[in-house]
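Note sheet for the following structure.
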Amino acid sequence: MISANDLSPAELAALLHFHADAGVEWLLEEEAIDRFAEFEAMKAARRPAAAQAQQQRPAAGERPAPGQAPPRPNAAARPAPAERAASGPQPAIPDGEAVQQARFVAETARSLVELKTAIESFGGCNLKHSARSTIFASGDAESGIMVIGSAPSAEDDREGMPFSGKSGQLFDKMLAAIGLTRSAILLTQVIPWRPPGNRAPSAAEMDICRPFIERQIGLAEPKAILLLGNFSARFFFGENDTIHGLRGRWKEIAVADCVIPAIASLHPQDLLTAPVNKRLAWNDLLIFQAKLKSLSLLRN
């Protein structure tokens with residue numbers, strides 16, 4: 001095992017970031033635990049039960065008494081159902097049923113507040129079991145302006161809000177460049193829970209989460225939408241092109257019996273990775289700004 005004393009500050013920081021991205025929250029318990037003594041105590045507790053089971057087991061060739069069921073092998077060593085249930089998160093309900101439940105939950109919510117509560121209580125998506133936070137829409141729902149990202153990052157999951165960390169700082173500067181702030185728009189993400197390791201959501205997870213984001217749009221009734229990131233653009237446009245092929249052009253998306261103009265651009269994280277693309281994002285923001293002015297959603 002490599003000691004922390006053998007690592008350079010840069011290597012130690014990289015290791016800590018790796019653990020944080022993997023979902024590790026605590027490296028130490030509040031109090032010291034003697035795992036060796038704990039293990040010995042568990043073995044001692046199991047010995048009487050194992051001896052009793054051995055005594056009750058019929059000898060070789062001996063048949064059980066009439067009406068007595070034969071003993072199940074290793075029954076004493078098998079954990080009880082309650083112990084198995086507490087050993088880890090239970091699998092989510094079947095995908096088809098989960099989608100139906102998500103639709104019902106979304107449709108019955110009459111406000112964004114009700115929808116937020118319903119999503120936080122929903123347990124039909126596996127992503128929720130590994131995420132720390134449920135990321136929901138924030139900002140001004142009456143603004144008529146909506147910005148939708150892809151899925152929560154590790155920083156979003158820790159902070160409990162969309163566009164946190166360095167990408168959030170860059171996002172704030174992007175908004176300020178066209179005369180907007182977070183509080184002046186409605187900001188949300190397609191997926192409310194961070195996928196483990198920042199992987200792409202599966203098709204089933206997308207289907208389960210779709211009613212939630214569509215209901216957010218239906219309740220807010222925005223006049224214009226800005227989609228940030230490859231996943232968000234593909235999700236709403238229904239196309240498989242990259243963000244470079246989908247960005248910079250207005251398209252109409254149909255949600256909740258409404259047809260809303262939407263434009264896609266690069267996600268702030270993409271710009272941190274490849275700063276050369278900032279000029280493309282700036283052009284998209286100018287197009288978005290012009291649209292908002294034409295709809296009287298932004299002052300000249």
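Remember, it's a predicted structure, so these values are computed and weren't measured experimentally. Quick note: numbers below take in every heavy atom, side chains included, and nothing from hydrogens, waters or symmetry partners.
- Of the possible donor and acceptor atoms, none in the side chain of Asp157 sits under 3.5 Å from a partner among the backbone N and O of Ala131.
- Linking ILVMFWY side-chain heavy atoms closer than 4.5 Å, directly or via other members, places Trp250 and Leu228 in a single hydrophobic cluster.
- When all heavy atoms of Phe231 and Ile191 are compared, the pair lying nearest together is CE2-CG1, 3.9 Å.
- Across every non-hydrogen atom of Ile260 and Pro222, the tightest pair is CG2-O, 3.7 Å.
- Taken to the nearest 0.5 Å, the OG atom of Ser121 stands 10.0 Å off from the NZ atom of Lys116.
- Taking CG of Leu227 as the reference point, atom CG of Asp284 lies at 11.0 Å (rounded to 0.5 Å).
- Using a 4.5 Å heavy-atom threshold, the side chains of Asp207 and Asp95 count as separate.
- One hydrophobic cluster, built from ILVMFWY side chains closer than 4.5 Å, holds both Phe288 and Leu295.
- Proximity of a side-chain donor or acceptor of Asp156 to a complementary backbone N or O of Ser164 within less than 3.5 Å is detected.
- Looking at Asn283 and Arg279, their side chains never bring a donor and an acceptor atom within 3.5 Å of each other.
- Inspection of the Thr273 and Asp270 side chains reveals no N or O donor paired with an N or O acceptor under 3.5 Å.
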Stepwise side-chain contact (heavy atoms from CB on, under 4.5 Å) check, Gln216 with Phe136: CA-CA 9 Å; Gln216 290 180 62; Phe136 190 76; 3.7 Å; yes
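- If you take CD on Glu252 and CZ on Phe237, they are separated by 10.5 Å, rounding to the nearest 0.5 Å.
- At a threshold of 4.5 Å between non-hydrogen side-chain atoms, the residues Leu272 and Ser167 count as touching.
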Verdict with supporting geometry, Ile145 and Leu226, side-chain contact (heavy atoms from CB on, under 4.5 Å): CA-CA 8 Å; Ile145 307 170; Leu226 174 62; over 6 Å; no
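- Leu112 and Phe122 fall within the same hydrophobic cluster, where Ile, Leu, Val, Met, Phe, Trp and Tyr residues are linked whenever their side-chain heavy atoms come under 4.5 Å apart, directly or through other members.
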Test log, rule side-chain contact (heavy atoms from CB on, under 4.5 Å), inputs Gln169 and Lys173: CA-CA 7 Å; Gln169 296 172 9; Lys173 294 179 180 179; 5.5 Å; no
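- We find the CG-CG distance between Leu219 and Leu115 to be 6.0 Å, quoted to the nearest 0.5 Å.
- Between the side chain of Arg215 and the main chain of Ala109, a donor-acceptor pair closer than 3.5 Å is present.
- Looking at heavy atoms from C-beta onward, Phe212 lies in side-chain contact with Val105 at the 4.5 angstrom threshold.
- Across all their heavy atoms, Ile178 and Leu298 have their closest contact at O-CD2, 3.3 Å.
- Contacts classified as ring-ring contact (aromatic ring centres under 6.0 Å, His included) and involving residues 140-164 (residues at least two apart or in different chains) are given here: Phe163-Phe171, Phe163-His267.
- Using a 4.5 Å cut-off between side-chain heavy atoms of Ile, Leu, Val, Met, Phe, Trp and Tyr, with links allowed through other members, Met161 and Leu175 fall into different hydrophobic clusters.
- Of all non-hydrogen atoms in Leu280 and Leu266, the two that sit nearest each other are CB-CD1, 4.2 Å.
- Under a 3.5 Å cut-off, the side chain of Ser133 and the backbone N or O of Ile135 do not form any donor-acceptor pair.
- Rounded to the nearest 0.5 angstrom, Cys258 SG and Ile217 CD1 are separated by 10.0 Å.
- The backbone N or O of Leu127 sits less than 3.5 Å from a side-chain atom of Ser130, completing a donor-acceptor pair.
- The hydrophobic clustering, which links ILVMFWY residues whose side-chain heavy atoms are closer than 4.5 Å, places Leu286 and Val147 together.
- Of the candidates Arg199, Arg194, Lys128, Arg210, Arg199 is the only one forming a salt bridge (charged side-chain N to carboxylate O under 4.0 Å, His left out) with Glu205.
- Note that CZ of Arg234 and OG1 of Thr242 are 7.0 Å apart. Values are rounded to the nearest 0.5 Å.
- Ser265 and Ala281 get closest at one heavy-atom pair: OG-CA, 3.7 Å.
- Looking at every heavy atom in both residues, Pro268 comes nearest to Leu170 through O-CD2, 3.6 Å.
- Between Arg182 and Ser138, every side-chain heavy-atom pair lies at or beyond the 4.5 Å cut-off.
- Side-chain contact between Val255 and Ile225 is absent, with no heavy atoms from C-beta onward closer than 4.5 Å.
- Checked options Lys291, Lys251, Lys223; the residue passing with Pro261 is Lys291 (criterion: side-chain contact (heavy atoms from CB on, under 4.5 Å)).
- Proximity of a side-chain donor or acceptor of Asp241 to a complementary backbone N or O of Leu246 within less than 3.5 Å is not detected.
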